[in-house]
Protein chains: 2
Amino acid sequence: MLYYNIIYRFPFPGFTPMQQAAQTMTFMGSGHDHSHCLNEALDRAAALCTKRGVRLTTLRRRVLELVWGGHRPLGAYDILDTLKAERRGAAPPTVYRALDFLLAHGLVHRIESQNPFVGCPDPDKPHGGQFLICRTCGMAAELNDSGVDQAIRKSAKKAGFSVGRPIIEIQGLCPHCQDNVEGEGE
Amino acid sequence: MLYYNIIYRFPFPGFTPMQQAAQTMTFMGSGHDHSHCLNEALDRAAALCTKRGVRLTTLRRRVLELVWGGHRPLGAYDILDTLKAERRGAAPPTVYRALDFLLAHGLVHRIESQNPFVGCPDPDKPHGGQFLICRTCGMAAELNDSGVDQAIRKSAKKAGFSVGRPIIEIQGLCPHCQDNVEGEGE
DNA sequence: GGTTATAATGTTATATTATAACATTATCTA
DNA sequence: TAGATAATGTTATAATATAACATTATAACC
C-alpha cells in the first residue's frame, strides 16, 4: 500500500475510519516518517523514468525531492532559493525546466489557482489533479474520486466537448481549521 | 430566458437539441446579436449592484463591458491597453481593482489555469465557475452542472472538508475544433 | 576510445501577471 | 457645506514565467 505524504495530504476517501483517524492525528502534529514516503516517491519516479526511457537527472530528482519534501505546495522561486544555495548558476529556467519535465511525466502537479507545485503520489496513470485546498493553513490534499471524474465526463459529453485534462481545485476548510474557526466562536 | 454570450460560450446542458444546434451554428460563425446579450448583462449587473447597495461606477461598468464584449477570455493587460486609450492615467491597479470588485460580486470569473477573465451570465447566485476550455481555439464556456457540483460535495464530505469555492476547469477540444482536427487526419 | 548527434543545463535578458503604498478626487451622510 | 468614506490616480515593485542563445553532459555509433 502507498504511504501518502500526509503532512500536507488529507485522508483519502476509501480509507477505514481508523486509517482516517490516524492520518488526521498525524496531520495535526504527531510524528510521521516523512523520509520514508519521500524515498518511496523518489524510487517510484526513478522506476517510472527508466520504464519510459527518459532521464531522471540529478537536477530533476532534486527538484522532485524538494517538491515532495515540502510540507505544503511549493513555489518555483522557493525551489530556486534552495537550489541557489546548492549549485552555482541556478536561475528560473533551471527550476521551470525541471518542473516541466516532472509535470509532463505526472510526477508533480501544479495548483493552478495558486501557482505552486506538489508531488503526485500516483504518477503511473496520467490524470488531472483533484485537490482540496485549505484557505487557512494552505494545505493541499490530492483526491482521485471517480465519481467526480464521471460527473465531469458526463457533463462534457452533453456539450459535445472532448475532455483532455480536468482541473479540480476545491477551496475551503480542512477538518483541523474548521475546528479552530469554530473554537474561536466565529 | 437568458441570452448567452455564445460567441465564446457553449451550448448548455439542458438545452433542447434544436437550441444546441442553433448555438453551435452561431459559435461556428453565423450571426449573433452580441450587443443584445452584452446590454442585457450590463443591465443585470446594474440592477444587482443597486440591490446590494454597491456602486457600478463608470470604470467598473466599462471593465465589465470589455470583459463581456471580448470573444474569448480577456487578460487584465488587454483590458488595460483599451482603457489607456480612453482615459489618462490608467494603470494596472485601475484594472485589477475593478476586476476585484466584479469578481467579489460574481459578475466575472477568473480562469485560474490561464489568468484571464470572462463575464458570468448568472451573477445572482454565487458559484465557483465550471468551465470547458478549448485548447485549440481558446474558447471558454461556462457550465453549471449540478451533477458535478454534487459529486464534489460528496467527495469533500467524505474527507471532512468544508467546501468554499469549487474551481472546475476542463481543458480539451470544443466540437468545432474536434471536427477540424479530424478533418486534418490527425 | 573517439566522434558526432542529441539532450540537458547554464546564462542573460525580458515578458507577463499582480500588488504595495501613498496621494488625490469623487460620492455619500449628516 | 463639512467631514467621512469610497473610489481612483500614481509610482514603484513583487511574483511568476519564458525567450534566446551558449555551453556541457550523455548517448549512440563507428
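Since the model is a prediction, treat every value here as computed from it, not as a measurement. Below, chains carry the letters A, B, ... as their sequence lines are ordered, and counting in each starts from 1.
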- Please state how far atom CZ in A/R87 lies from atom P in D/dT24, giving the value in whole angstrom units. 14 Å
- Per side chain to side chain contact (heavy atoms under 4.5 Å, CB included), B/F131 is matched among B/M139, B/E142, B/Q171 by B/E142
- Message: Does any part of the side chain of A/L83, heavy atoms only, come nearer than 4.5 Å to the side chain of A/L59, both counted from C-beta?
- Response: yes
- Query: Between B/E112 (CD) and D/dT16 (C1'), how many Å, whole number?
  - Reply: 15 Å
- Message: I need the CG-P distance between A/L102 and C/dT9, as an integer number of Å.
- Response: 10 Å
- Item | Separation of C/dA8 P from A/L56 CG (nearest whole Å) | 11 Å
- Note on the structure: From CG of B/L59 across to P of D/dA6 the rounded distance in Å is 17 Å
- Sequence neighbours left out, what passes side chain to side chain donor-acceptor pair (under 3.5 Å) with B/R60? Give chain and number order. none
- Query: Within this structure, what is the NZ-to-C1' distance between A/K84 and C/dT11, rounded to whole angstrom?
  - Reply: 13 Å
- Item | Atom-to-atom span, CG of A/D81 to C1' of D/dA15 - whole angstrom | 12 Å
- Item | Contact letters for nucleotides 16-28 of chain C, in which S counts primed atoms plus P, OP1 and OP2 and B counts the base, heavy atoms under 4.0 Å | -BBBBB-----S-
- Item | Close side-chain approach of A/I167 and B/I167, heavy atoms under 4.5 Å | no
- Message: Counting only side-chain nitrogens and oxygens, does B/R60 get under 4.0 Å of the OP1 or OP2 atom of D/dT8?
- Response: yes
- Could you pull out all residues at least two apart from A/F101 that satisfy ring-ring contact (aromatic ring centres under 6.0 Å, His included)? A/H105
- Note on the structure: On a heavy-atom basis, the closest approach of A/C177 and A/C134 is SG-SG, 3.7 Å
- Rounding to a whole Å, what distance do you find between B/E86:CD and D/dT8:C1'? 16 Å
